[in-house]
Amino acid sequence: MKRVQIKDTAIPSLTSRATHVKNDTDNKKNQHRTLKVPSTRYGQQNDIREQNKVLTATNEDLQRQLEEMKETVTELEQRCTDLQGENREIQKQLRDCHVLLVAENLDPVSGEKLGQTAQQKEEQRKEVMTVSQNLLTELKLFGETAEDHAANLLEVQNIMRDLTEAHEKLQQERALFTLDVEEMERALGEAERLLIE
């Protein structure tokens, strides 16, 4: 029986990609914190524009990577479903083959009936047991591969959840930042109006 082989694709790189996104987000936050407050209104506006550009770039990067992760999760879910279907089909075939071999006293290699002598029956029993054992070993290996893929899928889902949370947090920070900018601009406008009067 052909051994089922599953190719692993891009699971290790998903973890490193998520780490890279987190590091980029942390670097951009640190850059935001270390910006100096200029002494003029125009300097503050330039500073705010730069910070807004950084937030926008980070948001777009997170959006793009979130879409990539969604595509990967969809692909892995489909592969997991396919593997489960193949697993069920192989189990059914193994049971059917085992029943036929035992019931018909068939030689698993030639398909011919074995002789009725005691020695031939013993050889038949041994061959059936060997074939059954081999089939069960392959089924076990297939089941372990399916479990590995299910574990990888769970890991990807966890990474995607973390990215979604990071994206939502960034959106909240951006909204707060926008409110701060608007409040600062109102205060600057009021100060200028008072100075002019």
Side-chain angles (χ1 to χ4, degrees), residues 1-33 51-102 108-109 127-179:
M1 180 165 203
K2 290 171 73 175
R3 184 167 290 176
V4 178
Q5 294 183 350
I6 307 298
K7 293 182 181 177
D8 289 335
T9 59
I11 298 305
S13 66
L14 291 176
T15 306
S16 63
R17 189 182 312 148
T19 304
H20 178 68
V21 169
K22 184 177 185 307
N23 289 340
D24 282 352
T25 304
D26 290 344
N27 288 340
K28 288 174 182 173
K29 285 179 184 176
N30 289 335
Q31 179 184 3
H32 168 68
R33 289 185 188 124
Q51 291 173 4
N52 201 17
K53 284 180 185 176
V54 169
L55 285 173
T56 302
T58 304
N59 187 27
E60 289 172 357
D61 191 40
L62 278 173
Q63 285 283 13
R64 179 182 53 78
Q65 294 191 10
L66 187 63
E67 289 303 317
E68 290 175 3
M69 295 297 279
K70 284 180 181 176
E71 291 173 9
T72 304
V73 166
T74 302
E75 179 184 334
L76 285 173
E77 285 174 343
Q78 182 59 46
R79 286 174 58 194
C80 188
T81 301
D82 294 345
L83 284 174
Q84 289 171 349
E86 288 178 23
N87 191 8
R88 284 191 296 272
E89 184 63 29
I90 288 175
Q91 287 177 346
K92 181 182 179 300
Q93 290 176 2
L94 284 174
R95 286 191 298 270
D96 293 346
C97 288
H98 185 71
V99 168
L100 287 174
L101 287 172
V102 172
V109 178
E127 287 181 359
V128 168
M129 291 300 293
T130 302
V131 169
S132 297
Q133 190 62 42
N134 290 342
L135 291 173
L136 290 173
T137 301
E138 286 191 18
L139 180 60
K140 182 180 177 183
L141 180 63
F142 186 84
E144 290 171 355
T145 304
E147 288 176 5
D148 289 343
H149 280 286
N152 288 339
L153 178 62
L154 182 61
E155 181 181 345
V156 169
Q157 288 173 333
N158 288 337
I159 291 170
M160 187 173 162
R161 187 192 65 237
D162 292 342
L163 282 174
T164 303
E165 290 172 0
H167 179 259
E168 289 172 357
K169 185 175 180 182
L170 181 64
Q171 290 290 83
Q172 291 172 356
E173 289 177 2
R174 185 174 181 183
L176 290 174
F177 181 77
T178 302
L179 289 174

Which residues share a side-chain hydrogen bond (donor to acceptor under 3.5 Å, both in side chains) with [X], sequence neighbours left out:
{"X": "Q78", "answer": "D82"}
{"X": "Q63", "answer": "H167"}
{"X": "T56", "answer": "R174"}
{"X": "R161", "answer": "N158"}

Please round to the nearest 0.5 Å and tell me the distance separating atom [atom1] of [X] and atom [atom2] of [Y].
{"X": "L62", "Y": "Q171", "atom1": "CG", "atom2": "CD", "value": "9.0 Å"}
{"X": "N134", "Y": "L139", "atom1": "CG", "atom2": "CG", "value": "12.5 Å"}
{"X": "L176", "Y": "Q172", "atom1": "CG", "atom2": "CD", "value": "7.5 Å"}
{"X": "L66", "Y": "N59", "atom1": "CG", "atom2": "CG", "value": "10.5 Å"}
{"X": "C80", "Y": "N87", "atom1": "SG", "atom2": "CG", "value": "10.0 Å"}
{"X": "E147", "Y": "N152", "atom1": "CD", "atom2": "CG", "value": "12.0 Å"}

So, R64 and E60, do they make that salt bridge, N to O below 4.0 Å? no
For [X], check side chain to side chain contact (heavy atoms under 4.5 Å, CB included) against everything at least two apart and list the hits.
{"X": "Q157", "answer": "V73, E77, L153, L154"}
{"X": "D162", "answer": "E165"}
{"X": "E89", "answer": "Q93"}
{"X": "K92", "answer": "R95, D96"}

Over all atoms of both residues, closest heavy-atom pair of L55 and F177: CD1-CD2, 3.9 Å
With Q133, the side chain to side chain contact (heavy atoms under 4.5 Å, CB included) member among T130, V131, T137, L135: T137
